[in-house]
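In what follows, chains carry the letters A, B, and so on, assigned in the order in which the sequence lines appear, proteins first and then strands, with residues in each chain numbered from 1.
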Number of protein chains: 2
Amino acid sequence: MKPTHLHPPGRCRMIDEVLSLIGDKWSIYVVVMLGQGKRRFSELKREVDGISQKMLTVTLRGLERDGYVTRTAYATIPPRVEYELTELGQDLLVPVRALGDWANRNESRVVGARIRYDARRAQAAE
Amino acid sequence: MKPTHLHPPGRCRMIDEVLSLIGDKWSIYVVVMLGQGKRRFSELKREVDGISQKMLTVTLRGLERDGYVTRTAYATIPPRVEYELTELGQDLLVPVRALGDWANRNESRVVGARIRYDARRAQAAE
DNA sequence: CTGTATCCTACGTGATACTG
DNA sequence: CAGTATCACGTAGGATACAG
């Protein structure tokens, strides 16, 4: 994915980590959901808007592998699996929420900028 | 954050915006680079390791449209274009850096979790 | 209910060539 | 120097079917 070798180790390395940790489409949503408490597979499927069964599975496996969530399966019938944030997952929630809050507070600024940009381009196209 | 879990009909738009920013491959790199001061196109090309000319252009257009960077072209020969973070861009840098710092501090925990996970799976496969 | 296993398409990205 | 225009490709991710 990345040909990083000719770079001063500090900064770019950290960004690499960020992207590899949360760069995919669904992880953040799932983590935020689990931030409100443990969830069953089907609950997540319902709550994470638009996610497919496949991607929920893939995402959860990734989060589990990276130590953000635990998976607990109960051998009942029907089966029942619960996912829960680990301490690492809870920690991650802090900067993630900061980012989310920022996004909330600044949404209008981005939307505004976008409208102005598009307006300028539309005019330039005439 | 707050009850994102009741994203009614629509979904949580605000976070989508910023998420898509982080979601793509290059935007964060460029923003962080510009966090160190204004840059010319060719400078960014050199500094953002591995980015192609096309993707740098695409990325910069996106950032410009969203109001994170300004583009200033000087009609000299040869042409010269400078990109710089707007105030919005600078603001974004704060939570982004927080996330980056978190990633740095917790990298070993993730790597460890990953190794343990893989080890368990390798064993289970025997 | 909680997954796997395929298949298939759309999109992001890189390589290359060309322009002002 | 700072782009734009094509093409070619891999893969993330959706749809679907099936299994434990």
Residues B:D91 and A:R109 bridged, charged N to O under 4.0 Å: yes

State plainly whether the residues A:E82 and A:R80 are in salt-bridge range, i.e. N to O under 4.0 Å. yes

Distance in angstrom units between A:L56 CG and C:dT2 P, rounded: 10 Å

Rounded distance (Å) that lies between atom C1' of D:dT16 and atom CE of A:M55: 16 Å

Nearest-Å distance for atom pair CG/C1', residues B:L44 and D:dG3: 14 Å

Using atom CZ of A:R46 as one end and atom C1' of C:dC1 as the other, report the distance to the nearest whole Å. 11 Å

Per A:T57 side chain, nearest of listed nucleotides D:dG14, C:dT4, D:dA2: C:dT4

Check this one for me: any side-chain N or O of A:R40 less than 4.0 Å away from OP1 or OP2 of C:dT2? yes

Any chance you could list the contact pattern along nucleotides 15-20 of chain C? Use B for base contacts, S for sugar-phosphate-only contacts and - for none, protein heavy atoms under 4.0 Å, 5' to 3'. B-B--B

Within the pair B:T76 and D:dC1, is there a side-chain N or O less than 4.0 Å away from OP1 or OP2? no

Selection from D:dG3, C:dT2, D:dC1 that lies nearest to any side-chain heavy atom of B:S42: D:dC1

Calculate the interatomic distance between B:E43 atom CD and D:dG3 atom P; express it in whole Å. 13 Å

Regarding A:Y74, tell me which of base, sugar-phosphate or nothing describes its non-hydrogen contacts under 4.0 Å with the strands shown. nothing

Length of the CZ-C1' vector between A:R71 and C:dT2, whole Å: 8 Å

Nucleotide D:dA15, atom P - distance to CD1 of A:I51 in whole Å: 12 Å

Using atom NZ of B:K25 as one end and atom C1' of D:dA12 as the other, report the distance to the nearest whole Å. 13 Å

